[in-house]
2 protein chains.
Amino acid sequence: MKLQQLRYLVEVAKQGLNVSEAAEKLHTSQPGISKQIRLLEDELGIQVFIRNGKRVVAVSEPGQQVLDIAGRILREAQNLKRVGDEFAREEEGELTIATTHTQARYALPTAVQAFLKRYPKVSLRIKQGNPIQICEMVVAGEADFAVATESIDQFSELTALDCYQWNRSVVAPLGHPILSLDHPLTLADIAAWPIVTYDYAFAGRNNINRAFELSGIEPNIVLTAIDTDVIKTYVGLGLGVGIIATMAFEPERDTQLGFVHAEHLFLPSTTRIGIRRDAYLRGFAYHFIELFAPHLTRQVVDRSMRGGDDE
Amino acid sequence: MKLQQLRYLVEVAKQGLNVSEAAEKLHTSQPGISKQIRLLEDELGIQVFIRNGKRVVAVSEPGQQVLDIAGRILREAQNLKRVGDEFAREEEGELTIATTHTQARYALPTAVQAFLKRYPKVSLRIKQGNPIQICEMVVAGEADFAVATESIDQFSELTALDCYQWNRSVVAPLGHPILSLDHPLTLADIAAWPIVTYDYAFAGRNNINRAFELSGIEPNIVLTAIDTDVIKTYVGLGLGVGIIATMAFEPERDTQLGFVHAEHLFLPSTTRIGIRRDAYLRGFAYHFIELFAPHLTRQVVDRSMRGGDDE
DNA sequence: AATGTTTACGGAGGCCGTAAGCATG
DNA sequence: CATGCTTACGGCCTCCGTAAACATT
């Protein structure tokens with residue numbers, strides 16, 4: 001059994017059971033992969049892949065278990081390399097963060113700036129996606145951790161760390177009636193206008209829905225956007241009033257918009273970091289997390305990754 | 001990076017940093033191991049072992065982390081083989097149980113008998129040791145699971161499954177006064193005689209100590225044995241009265257001994273099964289566990305191994 | 001016919017074992 | 001001087017890439 005063979009297996013599975021594509025991705029020849037996979041299958045005494053004649057068409061039941069284990073082995077092998085780098089080149093390396101637009105645009109910049117200054121030799125990468133996608137990136141080992149408000153706790157491979165809580169505000173064009181009410185803002189006040197807010201999968205959109213459902217008021221949502229900038233743009237054009245994350249309102253930039261707090265109308269949302277439990281984090285990765293959420297020290301993060309309940 | 005290199009690393013560490021001995025254990029040459037370890041160290045960019053001149057004298061800090069990960073990888077590689085066997089040769093294989101004398105002698109035989117009949121092609125091995133030793137065997141992957149009353153929960157790598165509760169009885173030579181008291185047995189009655197019981201590390205000895213401590217009575221323990229047969233032997237010789245596990249009294253064999261229940265004097269002890277959380281268990285291993293403790297179905301065992309808290 | 005997998009074969013690289021060299025206690 | 005690790009070297013194995021045959025859609 002060789003690590004290469006496991007890599008081949010996993011890559012073939014990842015490429016939708018297409019050996020040729022796997023060969024390309026791995027910069028090697030297709031017959032080589034075929035052969036090594038057969039050798040491994042012989043050694044294990046089982047077929048990992050079910051073939052229809054010469055074509056690979058499915059993963060067998062034992063094959064799925066083999067793939068799971070192989071994935072774990074390969075991830076651990078990656079971790080070995082990281083241990084090496086961690087000690088040989090403390091200040092160098094890569095850090096990949098998967099996150100959503102809102103976090104990347106409004107929450108992360110401060111931490112990123114401090115991080116770049118502290119670790120000039122680390123190449124920081126930010127991958128954007130929707131909450132499901134970014135969690136999958138972390139699960140697949142394509143990112144070191146995820147920062148998101150949704151979905152993290154749906155992945156059992158990930159441990160979720162609370163970073164901060166936030167809530168929503170309403171924005172509208174300057175002079176809009178909703179900005180000069182003679183009473184505290186209510187859901188009914190908002191629902192009196194067309195609403196522009198986040199797409200269903202993003203930024204605590206669930207909490208917005210729930211608030212309206214509970215109140216029995218039917219909101220008229222005319223545009224759902226993935227990011228706040230789009231919302232602000234259309235609110236500025238007069239399409240309706242916007243419900244956005246409070247932190248996403250920038251008084252000095254958003255000069256044509258007015259702003260009303262709506263924290264009392266919606267349940268707060270919690271932004272979390274999601275990390276694979278079996279990942280090996282570089283020292284600077286812990287440091288970034290602490291820059292982003294100071295209460296998440298290395299000790300807290302480690303405890304959460306290693307079981308969390310015992311010890 | 002190759003699996004062999006990891007095997008070499010781990011074996012050298014296991015053999016007390018002696019490369020030559022590791023070579024012998026692995027049936028290979030010593031220079032080969034030296035070379036491969038150096039190659040791996042070069043690849044990782046760190047020294048796993050600290051050398052004093054040409055002698056290996058210690059494990060470096062990153063080296064320890066490398067060894068931990070390497071161990072995990074090798075265990076997963078073993079698991080891969082087991083998946084193969086599980087599906088290719090369902091009824092064959094090996095099952096190694098680590099346990100103490102008391103369990104092996106009085107608790108396991110029924111399950112073993114049923115198991116041998118059901119799986120004649122599986123070679124069953126029982127390794128005996130003290131509770132610490134048997135837990136270490138499981139941690140090292142030398143046994144599939146441990147059956148013991150003590151220590152299992154002290155190993156964070158293991159998950160502990162309750163099997164059954166039991167308590168103690170007092171044995172004495174036929175005609176001994178303690179066998180014909182006119183009142184229910186008390187600790188004072190026992191402490192009036194020299195006592196023969198288990199060694200401190202075994203069979204819930206803690207619970208015996210605690211009972212006497214709480215009552216403020218000082219017992220006169222004249223012999224501490226590792227196994228019940230030794231205790232019974234010396235009680236038969238008139239050395240004193242014995243405190244043993246109730247299940248270890250065999251009326252048809254122990255004809256020269258009398259027996260008094262003492263369940264009301266001591267806290268019950270719980271016998272548990274200890275399994276590495278990241279182990280891969282063969283189907284027949286689950287079956288054995290269920291034969292031994294019917295409430296421990298495959299589902300229960302799996303849930304306990306995979307985290308226990310979530311899902 | 002095109003896509004995709006297996007079989008066949010040759011070359012290069014790497015792993016292992018033997019033997020000799022060299023530190024350390 | 002004995003133990004133990006390293007360096008040196010040669011053989012063999014195996015892994016990989018090319019080319020061609022074969023199967024499937």
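All chains are named by letter (A, B, ...) in the order of the sequence lines, taking the proteins before the strands, and each is independently numbered beginning at 1.
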Inset, instruction - Would you tell me whether A:Y280 and B:Q65 have side-chain atoms, one donor and one acceptor, within less than 3.5 Å of each other? - result: yes
Legend entry - Contact nearer the 5' end of DNA chain C, comparing B:P31 with B:Q36: B:Q36
Legend entry - Upstream residue (5' side of DNA chain D) when A:V57 and A:L39 are each assigned their closest nucleotide: A:L39
Inset, instruction - Calculate the interatomic distance between A:I37 atom CD1 and D:dC15 atom C1'; express it in whole Å. - result: 15 Å
Inset, instruction - Could you tell me the separation between the NZ atom of B:K35 and the P atom of C:dG14, rounded to a whole number of Å? - result: 10 Å
Inset, instruction - Just jot down the side chain to side chain contact (heavy atoms under 4.5 Å, CB included) partners of B:L26, sequence neighbours excluded, or say none. - result: B:Y8, B:E11, B:T28, B:I33
Inset, instruction - Return the angle between end axes of the helix from C:dA1-D:dT25 to C:dG25-D:dC1, with five pairs used per end and rounding to 10°. - result: 40°
Inset, instruction - Can you tell me the distance, in whole Å, between the CG atom of B:D42 and the C1' atom of D:dT7? - result: 14 Å
Legend entry - Within residues 15-29 of chain A, residues whose heavy atoms come under 4.0 Å of DNA chain C: A:L17, A:N18, A:V19, A:S20
Legend entry - Spacing between B:N52 atom CG and C:dA23 atom P, to the nearest angstrom: 13 Å
Inset, instruction - Answer yes or no: is there a side-chain heavy-atom contact under 4.5 Å between B:T100 and B:P131? - result: yes
Inset, instruction - List in chain and number order the residues that pass ring pair (Phe, Tyr, Trp, His ring centres under 6.0 Å) with B:F284, two or more places apart in sequence or in another chain; answer none if no residue qualifies. - result: B:Y119
Legend entry - B:R51 CZ - D:dT6 C1' separation (whole Å): 10 Å
Legend entry - B:D144 bridged to B:K127 by N-O distance under 4.0 Å: no
Legend entry - N or O in side chain of B:S34 less than 4.0 angstrom from D:dT6 OP1/OP2: yes
Inset, instruction - Could I get the full list of side-chain hydrogen bond (donor to acceptor under 3.5 Å, both in side chains) partners for A:Q64, not counting sequence neighbours? - result: A:D68
Legend entry - Residues A:K14, A:E142: salt bridge by 4.0 Å N-O rule: yes
Inset, instruction - Say whether, by atom type as modelled, one donor and one acceptor occur between the side chain of A:S60 and the main chain of A:Q47 under 3.5 angstrom. - result: yes
Inset, instruction - Could you tell me whether the side chain of B:R38 has a donor or acceptor atom within less than 3.5 Å of a complementary atom in the base of D:dT6? - result: no
Legend entry - Check: A:L158 and A:C135 side chains under 4.5 Å, non-hydrogen atoms: yes
Legend entry - Rounded distance (nearest 0.5 Å) linking atom CG of B:L80 with atom CD of A:Q5: 10.5 Å
Inset, instruction - Would you tell me whether B:Q299 and B:R303 have side-chain atoms, one donor and one acceptor, within less than 3.5 Å of each other? - result: no
Legend entry - Rounded interatomic separation in angstrom, taking CD from A:Q30 and P from D:dA19: 15 Å
Legend entry - Atom pair distance, as rounded to whole Å: NZ in B:K54 and P in C:dA23: 6 Å
Legend entry - Distance, rounded to the nearest Å, where B:I33 contributes CD1 and C:dC16 contributes P: 9 Å
Inset, instruction - Using a strict 4.0 Å threshold on nitrogen-to-oxygen distance, state whether A:D278 and A:R75 make a salt bridge. - result: yes
Inset, instruction - Please list, by residue number, the residues of residues 1-11 of chain A whose heavy atoms come closer than 4.0 Å to an atom of DNA chain C; answer none if no residue qualifies. - result: none
